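Have a look at the structure below, then the notes.
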Amino acid sequence: MRARHLAPAALLLPFTLLLAACGGSSRAEGGGGTGSGTDGKGSLTLNVGDQKGGSEALLRAAGELDDLPYKIKWSTFTSGPPLLEAVNAGAVDVGAVGNTPPVFAAAAKSKIKVIAGSHSRSDGETILVKKDSPLKRPAQLKGKSVAVAQGSSAHYQLVASLKKAGLTTKDVTLNYLQPADALAAFTRGKVDAWAVWDPYTSQALDQADARVLTTGQGLVNGLSFQVAAPAALDDKKKSAALKDYTDRLRRAQNWVFKHPDVWAKAWAKETGLPDEVALDAVRRTRGTAVAVAVDKAAVASEQQIVDSFAALKLIPRSFDFGEFVDPRFNGDLPPSGTAPRTYGKAH
């Protein structure tokens, strides 16, 4: 991050650490994977793409790495697209991303398969304004400037929110900024609004004098995915390990919901988030995830994103998202539309 950013230092998180899990889809500099260790034992190695504070931290905190009958070699990426490029290249067997990076990877005809999903609340997908802003509802964004990361889940949430208000992206001035730059612009008052996701939502509400204009609840699908390499799925032993791995993630997410304080502290330590911001983000969105099947409804929901971005010419073509899904691990998981968990009133 450049020194010219004037926002308080505490606000300027290393934003690239958080993009993959939250649906960011723009490449960050140095986006390739970097090895961060190996867990488990045995002759089989599962290569897993991750981001700091992501799957590895979650599984470790929940105790799900203690009895691995195979090895996991972790590679850390700064955002979803380079992780999916590694999956496409066969360098990574599986990795976690939000609802939007698979759309861009599939549009580029990458060799990927969505194999598992989770459904979270979308209270953290927000359009933020300053507390003293005269804007009270999304329709008032007409003629205003909005910061958003291009091609991110927030971008789709903005498109959907504008549509509900009878507007399009042509009715606003879009400032395509990654979160650190967007935060600086928002803090200085250089933009009227900011479309973003948790934990930035929690951070801005806590530290940047922000308030929520609207959320993605009811507008965006709240889905995140595990995306695997077809070659790994075609390997009998690796496919079995992938099934076990997704089961461990499901159990870890169950543990998080029951232990939000413990996970928030571990997450804060891993990412540098303030403890209170991490806990707010866990209670608002990150702890609410429930493992769900990658079913026809999930495919249809993702297809809406495909078609929306194709119409905006953000991807070169529309395509059948279902061709990039492998439902073999759905088992008895609940439907993708299953309501996420909740801690009660969002903070």
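Note: hydrogens, waters and symmetry copies are ignored here, and every other heavy atom, side chains too, is used. Remember, predicted model here, so these are calculated numbers, not experimental data.
Legend: residues meeting salt bridge (Lys or Arg N to Asp or Glu O under 4.0 Å) with Asp295, ordered by chain and number and at least two apart, are absent. Remark: Phe257 engages Tyr343 in a ring pair (Phe, Tyr, Trp, His ring centres under 6.0 Å) (not counting sequence neighbours). Applying the salt bridge (Lys or Arg N to Asp or Glu O under 4.0 Å) rule to Asp320 yields no partners; only residues at least two apart in sequence or on another chain are considered. In this structure Phe319 satisfies the ring pair (Phe, Tyr, Trp, His ring centres under 6.0 Å) test together with Phe324, sequence neighbours excluded. Applying the side chain to side chain contact (heavy atoms under 4.5 Å, CB included) rule to Val262 yields the partners Trp255, His259; only residues at least two apart in sequence or on another chain are considered. Not a single salt bridge (Lys or Arg N to Asp or Glu O under 4.0 Å) links Arg341 to another residue, sequence neighbours left out. In this view, Lys243 and Asp247 satisfy the salt bridge (Lys or Arg N to Asp or Glu O under 4.0 Å) rule, not counting sequence neighbours.
When only modelled atom types and interatomic distance are considered, Ser202 and Asp280 share no side-chain donor-acceptor pair under 3.5 Å. A donor atom on one side chain and an acceptor atom on the other are found under 3.5 Å apart for Asp198 and Thr285. At a cut-off of 3.5 Å, with distance as the only test, a side-chain donor of Ser161 or Gln157 sits close to an acceptor on the other residue.
Identified under the salt bridge (Lys or Arg N to Asp or Glu O under 4.0 Å) test for residues 90-118, with sequence neighbours left out: Asp93-Lys238. Pairs engaging residues 304-318 under the side chain to side chain donor-acceptor pair (under 3.5 Å) rule: Gln303-Asp307, Asp307-Ser318 [sequence neighbours left out]. Applying the salt bridge (Lys or Arg N to Asp or Glu O under 4.0 Å) rule to pairs touching residues 322-333 yields Asp326-Arg328, sequence neighbours excluded. A side chain to side chain donor-acceptor pair (under 3.5 Å) check over residues 137-147, counting only residues at least two apart or in different chains, returns the pairs Ser145-Asp192.
The salt bridge (Lys or Arg N to Asp or Glu O under 4.0 Å) with Asp67 is formed by just one residue from the set Lys41, Arg248, Arg251; it is Arg248.
The hydrophobic cluster around Val129 extends to Ile127, Leu135, Leu141, Val146, Val148, Leu158, Leu162, Leu167, Val172, Leu174, Tyr176, Leu213, counting ILVMFWY residues whose side-chain heavy atoms fall within less than 4.5 Å of a member.
Using modelled atom types, no side-chain atom of Asp235 and backbone atom of Ala232 make a donor-acceptor pair closer than 3.5 Å.
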